[in-house]
Amino acid sequence: MSGNKRAALPPHLHMFPVTFAFFAAGAIFFLAVVLFLPWNIPSLVKTQALHSPGGIWLAHILVLGWATMIAMGASYQIAQVILRCPVYSHKLAFVHLFL
């Protein structure tokens, strides 16, 4: 048996660390919204719109932080399965995560 265990795995399984890093980042952003929301409900109701600074922050964290991170993590995983080829660079995927 060879010493390289990565070579024995199917190509789409190599991206699990990147995929779950995106999922973990999405979970952190979602927790930030859950912790932030109870203190801003009165101001959001008072202004009757999400156009207040707290509402804009909430919308951006939900859309850009939570939804986009989950979607990008899933796309890294599913693109390899559908296209049947590995991702070009794992390091570049992690750079994408931190950008």
Side-chain angles (χ1 to χ4, degrees):
M1 182 174 195
S2 68
N4 189 359
K5 291 184 179 182
R6 284 191 98 171
L9 293 174
H12 64 278
L13 292 180
H14 293 287
M15 288 305 287
F16 273 158
V18 174
T19 301
F20 287 117
F22 273 98
F23 289 168
I28 289 169
F29 283 116
F30 186 75
L31 285 173
V33 169
V34 168
L35 294 174
F36 178 76
L37 190 60
W39 286 277
N40 281 331
I41 287 176
S43 66
L44 293 175
V45 171
K46 183 178 171 182
T47 59
Q48 297 180 355
L50 291 176
H51 297 292
S52 66
I56 292 171
W57 184 87
L58 179 69
H60 278 85
I61 292 296
L62 277 174
V63 172
L64 297 175
W66 176 67
T68 303
M69 288 292 179
I70 298 296
M72 289 309 303
S75 68
Y76 271 115
Q77 187 64 33
I78 202 163
Q80 295 181 83
V81 175
I82 291 173
L83 298 175
R84 295 183 184 187
C85 65
V87 170
Y88 175 71
S89 171
H90 298 277
K91 291 178 185 177
L92 194 57
F94 277 110
V95 168
H96 175 225
L97 172 67
F98 292 109
L99 287 179

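Computed from a prediction, not measured in an experiment: that's the story for all the values here. In what follows, residues are counted from 1 in the order of the sequence shown.
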Asks: According to a 4.5 Å side-chain heavy-atom criterion applied to Ile, Leu, Val, Met, Phe, Trp and Tyr, with indirect links allowed, do Ile82 and Phe22 form part of one hydrophobic cluster?
Replies: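 Ile82 and Phe22: separate clusters.
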Asks: Do Gln77 and Val18 come within less than 4.5 Å of each other through their side chains, counting heavy atoms only?
Replies: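 Contact flag for Gln77/Val18 side chains = no.
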Asks: Tell me if a side-chain donor or acceptor on His96 pairs with a main-chain N or O of Leu92 at a distance below 3.5 Å.
Replies: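 A pair under 3.5 Å: no.
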Asks: CD1/Ile78 to CG/Leu83 distance, rounded to the nearest 0.5 angstrom?
Replies: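 Ile78 CD1 to Leu83 CG: 10.0 Å, rounded to 0.5 Å.
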Asks: Any link between Phe98 and Val95 through a network of hydrophobic side chains (Ile, Leu, Val, Met, Phe, Trp, Tyr) touching at under 4.5 Å?
Replies: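 Different clusters: Phe98 never reaches Val95 through Ile, Leu, Val, Met, Phe, Trp or Tyr contacts under 4.5 Å.
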Asks: Nearest 0.5 Å, please: how far is OG1 in Thr68 from CG in Leu62?
Replies: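 If we round to the nearest 0.5 Å, Leu62:CG and Thr68:OG1 are 10.5 Å apart.
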Asks: Does anything in residues 20-37 form a side-chain hydrogen bond (donor to acceptor under 3.5 Å, both in side chains)? List the pairs, not counting sequence neighbours.
Replies: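 side-chain hydrogen bond (donor to acceptor under 3.5 Å, both in side chains) check on residues 20-37 returns no pairs.
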Asks: Is the side chain of Gln80 donor-acceptor paired with the backbone N or O of Tyr76 at a distance under 3.5 Å, no angle test?
Replies: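 Looks like yes, one N/O pair under 3.5 Å.
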Asks: Please list all pairs meeting side-chain hydrogen bond (donor to acceptor under 3.5 Å, both in side chains) that have one or both residues in residues 22-33, counting only residues at least two apart or in different chains.
Replies: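 For residues 22-33, and leaving out neighbouring residues, there are no side-chain hydrogen bond (donor to acceptor under 3.5 Å, both in side chains) pairs at all.
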Asks: Atom CG in Leu99, atom CZ in Phe94: separation rounded to 0.5 Å?
Replies: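 Nearest 0.5 Å value for the CG-CZ distance: 13.5 Å.
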Asks: Starting at CH2 of Trp66, measure out to CZ of Phe23 and round the result to the nearest 0.5 Å.
Replies: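 Those atoms lie 11.5 Å apart.
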Asks: Could you work out, with side-chain contact (heavy atoms from CB on, under 4.5 Å) as the rule, every residue matching Val63, not counting sequence neighbours?
Replies: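 Expected list: none.
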